[in-house]
Amino acid sequence: MTNIFTVDLEDWFHVCGVNALSREQWGRLPSRVEATTRWLLDTLDESGVHATFFVLGWIAEQHPELVSAVRSAGHEIGSHGHEHLRAYDLSPEAFARDVRRSVAALKAVGVPSVTAFRAPEWSINDRSLWALGSLAAEGFGVDASMAPVRLVGSPAFPRHPHVRQTASGNITEVPPLVADRFGQSMPMGWGWGLRMSSPGRVLRRIEEVNRAGLAAVLTVHPWELDVDPPRVRLPAALHFAHYFRLDGFRNRLRSILTSSPFGPMGPYAAAQTGG
Ligand SMILES: [Zn+2]
């Protein structure tokens, strides 16, 4: 069983809803994405892992060579939107516009086709299911934006890949790895849940879902791999999501990547749905 490794390719200041990190500030903030992504590319190479990178269109515009490096290392490229906007904050028209801009930016740096999407901050949920129809209409076949946890998604969302039908066609939803802890569905394959867990615990959970016939989907951001991340004042929940236990995460991640087989999302999604 090959598990799935994904990356949301964005800079440390791509946080939704924080004035000090608003779109107008991005050009003035010190970029950290090159060094952290290069570390990740080296580590994936050493581990023999090909991943799916959900690239922010704005990053493709600002760092075209970085996106080329990701591509030439053999990784799959998907879209993370253009300006890091939450789907449920947008009208369907504005969402479609942002998605189209991201695809145009990716095509401009040589990505031949873009068919997989992940919304910023897991923002396709019960408030924004219409977005799946928009994605299908724009030619996307895979979405990975629905987290089966409270706060950003819903524990009621399926934990396995499944087809969502929309008026514009079907789209395959591929959710991230969760675990039941403290009586709740918790993130295990991403964010603070992945960073707080020992590699042993993550690998045991991966084995559990593999035994059930499913691949585990893991996700990181380059800024989680920054050994000296810029610090800004964030609301408590965001502070936790961004800064909790970054210490030692590079080593824990490397240990996970070298202990289980990982690959990109596209082939798995296609195999799950017979297409
Ligand atoms: Zn993001």
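Note that ligands are numbered from 1 as they come in the structure, with each ligand's atoms numbered from 1 the same way.
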In Asn170, Leu129, Leu135, the residue satisfying side chain to side chain contact (heavy atoms under 4.5 Å, CB included) with Arg164 is Leu129
Just checking, any donor-acceptor pair under 3.5 angstrom between side chains of Ser47 and Thr258? no
Quick one: report the N, O or S atom of Glu10 that is nearest to the Zn ion (ligand 1). OE1
Taking both backbone and side-chain atoms into account, decide whether His80 has an N/O/S atom under 2.8 Å from the Zn ion (ligand 1). yes
Should the ring pair Phe95 and Trp130 be called parallel, tilted or perpendicular, given that the plane angle runs from 0 to 90° and is split at 30 and 60? perpendicular
Aromatic contact, His221 with Trp12 (centres under 6.0 Å): no
Of all the atoms in His84, is at least one N, O or S atom closer to the Zn ion (ligand 1) than 2.8 Å? yes
